[in-house]
Amino acid sequence: MDGATTAPDVIAGEASASVSPPLARVPLVLNRRNFDWVTNRISGAVENPTPRWWWVAFAVTTAIALFGLTCIGYQISTGVGTWGLNSPVGWAWDITNFVFWIGIGHAGTLISAILFLLRQKWRTSINRSAEAMTLFAVICAAIFPGIHVGRVWMAWFLAPVPTQYAIWPNFRSPLLWDVFAVSTYFTVSVLFWYTGLVPDLATLRDRATSKIKKFFYGIFALGWRGSNRHWRHYEMAYLLLAGLSTPLVLSVHSVVSFDFATSVIPTWHTTIFPPYFVAGAIFGGFAMVLTLMIPARAIYKLQDIITPQHIDKMAKVILLTGSIVAYAYAMEFFIAWYSGNQYERFAFYNRIFGPYWWYWWVGMLFCNTLSPQLFWFKWCRHNIYIVYFVCMCVNAGMWFERFIIIVGGLHRDFLPSAWGMFYPTWVDIWTFIGTFGIFLSLFLLFIRFLPMIAMSEVKIVLPEADAHHAAPEEHHAVAAGGMERT
Amino acid sequence: MKRILHHPAPSTTGRQYWRSLGELSDTPDFREWLEREFPAGAAEMSGDEVSRRNFLKLMGASMALAGFGLTSCRKPEMHLVPFTKSAEWVIPGKFLYYATAMPRRQGAMPLIATTVDGRPIKIEGNPLHPDSNGATDAFAQASLLDLYDPSRSQRFIRENKVSDNATFEKYIADLRPKMAANGGAGLAFLVEETWSPTRERLRAELLKQFPRMCWCVFEPLLSEAQHFSTQISFGDSTRLIPQFDKADVVVALDSDFLNCGEGDLTAVRGFTQRRRVREAKDSMNRLYVIENRFSLTGAMADHRLRFPASQIPAITHALATKIAAATKDPGLSSVLITLKAPTRIEKFDARWLEEMAKDLMARPGASLVVAGSHQPVVVQLMAFGINAALKNLGTTLLLRELPKTPRNSSILQLASEIDAGRIQQLFILGGDPVYSAPRTITLDRKTKQALDWPELQKRVPDVVRLGHYEDATSGLSKWHVPAAHYLETWSDGLTPSGAYVAIQPMILPLFGGLSDLDLMSMVLGRPKVEGPELVQETFRATAPPGDFETAWNKFLHDGSAGHIQPKNREPKFNGNTAGGVAHTLWSTDVAPPTKDSPEIVLVSSYSVDDGRYINNGWLQEMPDPITKLTWDNAAMMSPAYAKHLGVKDGDLIEVTVTEPTPKPPPSKPGQAPPPLPPPHALMKRQLVIAAVIVPGHADNSVTIPLGYGRKHTGPVGEEAGFDAYLLRTTSNPHFIVADGKAIGSVMVKKTAGHYALSTTQEHFSIEGRGLVREATLERYRADEEFVTKIAGDEELPHRLPTLYTHPNLSAPQQWGMTVDLNTCTGCSACVIACQAENNIPIVGKLQVAHGRAMHWIRIDRYFASAKPFDQDHGQWPENPEIVHEPVMCQHCENAPCETVCPVNATIHSEAGLNVMVYNRCIGTRYCANNCPFKVRRFNFFDYSQRPVGKTKIAGFSVYQEYLGPLTDKTPAETIKLQKNPNVTVRMRGVMEKCTYCVQRIEEAQIAAHVRAGASDKTLIPRDSFTTACAQACPAEAIVFGDIKDPETRVSKIKAENRNYRLLEYLNVKTRTSYLARIRNPNPRMPDAEEIGVASPEHEKGKAVLNPMEKT
């Protein structure tokens, strides 16, 4: 197969716009690619020999991941003191990273579930990898609450296990709600993702050239044959799971935000947190999806499937959620002032002018509030470099935001005598970098072994899938010599 | 023996079954095989009866091996081992209490030691004795840790080789005839001050045997000035006892009389008694303080004048002149008449002194002027004169007879004796003179060069040194003898007020040390005694007629001898003698310090005293009450002076003190002037030390606490701080100022480098938050309910609605606490008492710097000033006041920590305690985050398991870093002996905090139940016990008890109108409450408006964001 050879790749927006009549919908797959092309191109990424860049990238990311795991081992064996935590800052990078990763894990399910229910067909090109990203991000996130406790080996106390002591977990604690929320979210996300994968796994099974591949893809394809019954059941299951996932998208980050909102600490004790956190999560999650998709799209020549239209739409989501977040920021300040509570007022004053001032100016103001505003302009949404820049800003900015909320709230609360500063140690830093290693390693494994785009779903949104579709003869994309034009 | 199993005989009827063909054929081989109980592969089982046990052992071992990989995930295993031989009185698990006392340089402090299974685990004050009244100071509390200090000296050393007790005894026995031969000529003793009558008695016996011996007392921080002045003014063997409880107005001239570390708790108690206002009509004393640095006393002042220490004589003279002019007192006048008025004096507001003098004179007989003991004789004499003029003698200043040999030789006399070559045999009992003796202790007889103590000590052929550590002095001694701790030996002592107390041992010497009495009796050639014989002999001399045993037992039981009452003498100030002495010691031309020629003031450290506690981790980690510095000393200076030097906290400064340049002799005309000595020949002393900025410090003045930088101690103390003894000379032991005579110049300049200082409190501005509520007495009288009108408390509904169910507070007794901010001096005795009681680990300098100090009580220190300042932007208050506020777990009824713990590790007890279940805690730290008071402490590392101090890993020294599994785990066995068995030693990853000493509550509860028997009278008797902090507090600022019973002390105090709770608006309903601080400024003083300003003025409906907004 020559799925990986270069296509003419008219970089598509203008080209297709010039072809299409005015006011017509821009097709979701450009250059009138047919089913066969979609199958070959996407399966090709899995079936072709492993490219050298993949090995290089994988070596680097696993090395980072292993070093991160070593740091975790050191931290567990020695004590939480290997991090820079102290009194008053009992949580810092650990929970910042947790919220950061959990937030990233929101985009995938939002795209797969909510957009599915809303019949947003453009989601098909990106949902698979976004969901995979969700899972990997939740895995990264789940590391932190696990290892940040002082006695990891006692963490099973969090589970409602009936023991002879007859002590149950404290169901009033938001931290316990977190445990339930995150584990539910992860379970449902895995199911949802896997369900969507089944038809594509069957495709890979059918195309497999070796016995081993055939065996494993066959096992996981669950005997999918593409019959009408299969499709009926599949679509119903998918719809149900989408319905099940949708509230989870909203609940998980709401629950995470309760960790803070139910406390008494100024800047934490805020009712605005649940919607603010959910918007922030979607905001950060979409940025991370774009961060991964833009290079993958270029490397695997998927510009016809992940089109400028997709990027444009995701940019719009970023703009919307970014603006919600900006509004939330502003509202926090307003309420702090309006409440007349001196502790709240001071805390927000301290956020801007206190020792962590630049985190706010750079992270929250520039990265999260100002940079997405570029997406008001179409040319910005269509300039891949600007899009990428804004996404990187948002990735960083959302981390800063969580840091400001957590550490900024803790380091100066009620009693000035107890105020302190947080300085990360190398273990803090490398544990965080290590999770990026884990995340990227898993993602690389994903694009290597699984179809990164939902083939079956993309095919459904092709014009040919429409029963009333009549393909114009002159655009039939078969190259001279009978070979399919790639 | 092989067990033969007899199978039942095969049945002859019925069907035959066989297990194998072998059985069917029934061969002898098969029979044998069958007779073995465990036939196949049972080699291990063959043998005798034990085989079954072997089997179980093997199984057990393999189970253990299977679990081996998990052992690191288990809690450390503990073993309970019973006594092999039961000891008398000991009921396992029950504490025993013995009276004893701690020898201190101002007199012994009466104590009660708590022992369990034969080891002392806690020190308390002796409530039967007024000198302690049940309270202690931080040093007494921490002295317990010294007992168990594994780096205490453990061996006899002779000329750098390890020796033993027997060799030493033989050495002394051989020595005795030699010494006796010439009547003790050449024999000298250099001892610490202990106030022990038995030691005095032995000394007298020594003098009988060796009449020509020399007996010298050396205490680096014991100033002779006060003692000497008292003797010349009032007669020998006397001591002045100030009665602070009778004084309405107190003036402290550079006197830190509230520093209970000096061993005098009565001053604190007396003074704070007069600060306790229960209602507005109560009167209150007034304290004026003139000092250069913020001391504990200065922090309590109503009016404080920051003034260079070297200028105290001048301002005292000004005060004395005013009082003499007004009272026409002959005694004071006869002192003043001999003195020349100082010509140069630091500027101050004349009205300040004027009004203070008027205030003093308005209360004749009820005022008190105290001068710091390290101020020169002339200040002491003027202070006596002023007190005499104010008719305070006999009322607020008593004169007490102390049965003590009046005058001892000092180390200076010893130094000149050694220099003269007249000392061959020197016994150094305690102290560390090589470290702490003044520099330039004498001038060499021949070369006229300055000599330091180490040089001199090297000249003595035989030096026997009794010391707690193998320190610098030991290094230069022929013999080092390990000293016993006071809890290991029999002794006795006089308290500061002259009462006779017993020092009885709690444990045999852990490291085989000797006491000074043991050593002296050895030198006397007396038979060796193990018991109290030496003290009994002393006691016998004064014992009341009658049964000696009963009297002795009562003496030991009570800790003091009630039949010996110290006598007061009619104080009569001898102005003429005083004047005669005063003018000879009076130098009027000491110029006020300037920017370029500042004064250096050397003071005792609140943490390590004169350096003797340098290896005590508890004290090292106890934050200095003023600077909040741990593990180090630093040069304190005012913000203005720091700005002049261009230094910030932790920047290194270089202090240079030089002798005056000799004036060139008048040269004859026509001749070249004779050359001056080269500059390097001038005596020049240098100290590089980190700076710390303290608002309220006098400008052009630098204060350096002594006692740090002592190199040769244990691992805890070795790296701590800077040795300020380097600057200390005989002529300027307390403050160094360029006077042109002894000191030519004093220079302080910034030098390269920065030194990391660890403080426990970085922010000292209260940010207008109403946490410490303070008012003047005037305002309090005008508005008794003022305390409820701060920080918006009056706008809170009486009971805020809540969605939550309240904890079940059904217990018949409900515990609560009050802290009276008006009497709390910030002395930190409670911090150490809590540490000792609750097995709180020390964490080391680095961990303190990381913000991980583990103290359950944090004494917050805020600077407050009438003029707002913004600390974040580098603004420092010029002349602030200090407020102290101990903050421990507040035991909220609606505790925010409890709702957030996911594993129910912190819950509420029915008695209202917020309790921690260590076993349940997994360490999420959520509770600490949600604690509004930030009083929860987390074990970030295995602080109680791994040693603090120098750690070595692969040969590299890793200073105070925790390396987890890579380092040694087990702390010294001796440190484990100190632990309170009723309190869990926490492992890493566990949260902890103040428990209201729940173990004491439970102990009292159990005792009450035992007493009640079958009856239902199980209530703990009212105020029958208290927490460790409350028990230690010399000011009785902390009170604990049942708040449900309206008759308890704590309930009564909570009903007072100064009572308020922290952060009331959070509606957490704290059980610990505070009593607002009342200052009593003199309205006519120029600074009266700037006193009592810690509370924000709350304008109705407008909360204050920060103090900047107030203006």
Side-chain angles (χ1 to χ4, degrees), chain A residues 74 77-91 145 148-155 157-158 165 167-170 172-176 178-179 259 262-265 268 340-343 345-346 349-350 353-355 409-410 412-423, chain B residues 72-73 761-769 771 847 850-853 858 860-862 872 885 887 896 899-904 920-926 928-930 932-934 936-942 962-965 987-991 1062-1063 1066 1068 1101-1106:
Chain A
Y74 172 55
S77 66
T78 305
V80 179
T82 52
W83 290 342
L85 301 174
N86 56 35
S87 175
V89 185
W91 290 345
H148 95 293
V149 300
R151 304 199 296 169
V152 180
W153 51 98
M154 296 294 185
F157 284 175
L158 285 164
Y165 306 119
I167 304 171
W168 288 89
N170 178 10
R172 291 186 300 171
S173 170
L175 222 52
L176 196 72
D178 260 5
V179 173
D259 284 349
T262 60
S263 78
V264 299
I265 303 301
W268 283 21
N341 181 317
Q342 63 167 335
Y343 304 103
R345 281 188 176 189
F346 176 84
Y349 171 87
N350 186 55
F353 299 115
L410 287 175
R412 289 185 160 188
D413 60 350
F414 294 101
L415 269 52
S417 59
W419 290 0
M421 289 290 288
F422 169 82
Y423 302 101
Chain B
S72 60
C73 299
Q761 183 180 346
E762 288 159 19
H763 206 85
F764 56 69
S765 162
I766 204 163
E767 300 290 343
R769 291 193 166 182
L771 301 167
Q847 294 293 308
H850 283 168
R852 295 172 184 168
R858 185 183 71 216
D860 292 354
R861 179 270 286 122
Y862 296 109
D872 266 0
E885 180 174 47
V887 178
T899 53
V900 299
C901 174
V903 291
N904 269 326
R920 185 72 187 162
C921 177
I922 63 170
T924 65
R925 303 181 298 286
Y926 198 176
N929 288 344
N930 207 25
F933 311 99
K934 292 285 173 281
R936 289 179 156 262
R937 300 282 172 263
F938 187 65
N939 287 276
F940 283 96
F941 290 114
D942 248 342
Y962 284 83
L963 292 158
M987 74 180 297
R988 84 171 150 95
V990 171
M991 191 62 72
L1062 290 183
L1063 303 178
L1066 287 177
V1068 291
K1102 186 185 169 235
V1104 181
L1105 172 60
N1106 63 34

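Sequence lines set the chain letters: A, B, ... in the order given, protein chains first and strands last, and positions in each chain run from 1.
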If you tally heavy-atom pairs under 4.5 Å against chain A, which of B:L1062, B:V903, B:V887 wins?
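If we count pairs closer than 4.5 Å to chain A, B:V903 comes out on top.
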
Quick one: of B:G851, B:A928, B:A853, who has the most non-hydrogen atom pairs under 4.5 Å with chain A?
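Result: the option with the highest number of such pairs is B:G851.
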
Kindly give the heavy-atom pair with the smallest separation between [X] and [Y], and that separation in Å.
| X | Y | result |
| --- | --- | --- |
| A:G150 | B:R988 | O-NH1, 4.0 Å |
| B:H763 | A:P416 | CB-O, 3.3 Å |
| B:L1063 | A:Y343 | CD2-OH, 3.4 Å |
| B:M987 | A:R151 | SD-NH1, 3.3 Å |
| B:R858 | A:S417 | NH2-OG, 3.5 Å |
| B:P932 | A:D413 | O-OD2, 4.1 Å |

I need the [X] [atom1] to [Y] [atom2] distance, nearest 0.5 Å.
| X | Y | atom1 | atom2 | value |
| --- | --- | --- | --- | --- |
| A:F414 | B:R769 | CZ | CZ | 8.0 Å |
| B:I922 | A:F157 | CD1 | CZ | 8.0 Å |
| A:M421 | B:E762 | CE | CD | 8.0 Å |
| A:T78 | B:D942 | OG1 | CG | 10.0 Å |
| A:F353 | B:D872 | CZ | CG | 12.0 Å |
| A:D178 | B:Y926 | CG | OH | 8.0 Å |

Partner residues of B:C921 under the side chain to side chain contact (heavy atoms under 4.5 Å, CB included) criterion, sequence neighbours left out
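In terms of side chain to side chain contact (heavy atoms under 4.5 Å, CB included), with neighbours along the sequence ignored, B:C921 is linked to B:A905, B:M916, B:V990, B:M991.
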
Heavy-atom pairs under 4.5 Å with chain B: which of [options] has the most?
| options | answer |
| --- | --- |
| A:G79, A:P169, A:G354, A:G81 | A:G81 |
| A:V89, A:L158, A:L176, A:L175 | A:L175 |
| A:A155, A:G420, A:P174 | A:P174 |

A:W91 side chain to B:T924 main-chain N or O, any donor-acceptor pair under 3.5 Å?
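Indeed, once roles are kept as given, a pair shorter than 3.5 Å links the two residues.
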
Is there a donor-acceptor contact under 3.5 Å from the side chain of B:R925 to the main chain of A:H148?
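Judged by distance alone, yes, a pair lies under 3.5 Å.
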
Check whether [X] gets within reach of chain A through its side chain, its backbone, both or neither, counting any heavy atom under 4.5 Å.
| X | answer |
| --- | --- |
| B:V1068 | neither |
| B:Y862 | side chain |
| B:R861 | neither |
| B:P896 | side chain |

Heavy-atom distances under 4.5 Å only: say whether A:W268 touches chain B with side chain, backbone, both or neither.
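For A:W268, side-chain heavy atoms alone lie under 4.5 Å from chain B.
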
Indicate, with yes or no, if the rings of B:F940 and A:W83 have centres closer together than 6.0 Å.
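Ring centroids of B:F940 and A:W83 are no less than 6.0 Å from each other.
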
Do the non-hydrogen side-chain atoms of [X] and [Y] ever get within less than 4.5 Å of each other?
| X | Y | value |
| --- | --- | --- |
| A:T262 | B:N930 | no |
| A:L85 | B:F938 | no |
| A:I265 | B:N929 | no |
| B:E885 | A:L415 | no |
| B:R937 | A:S87 | yes |

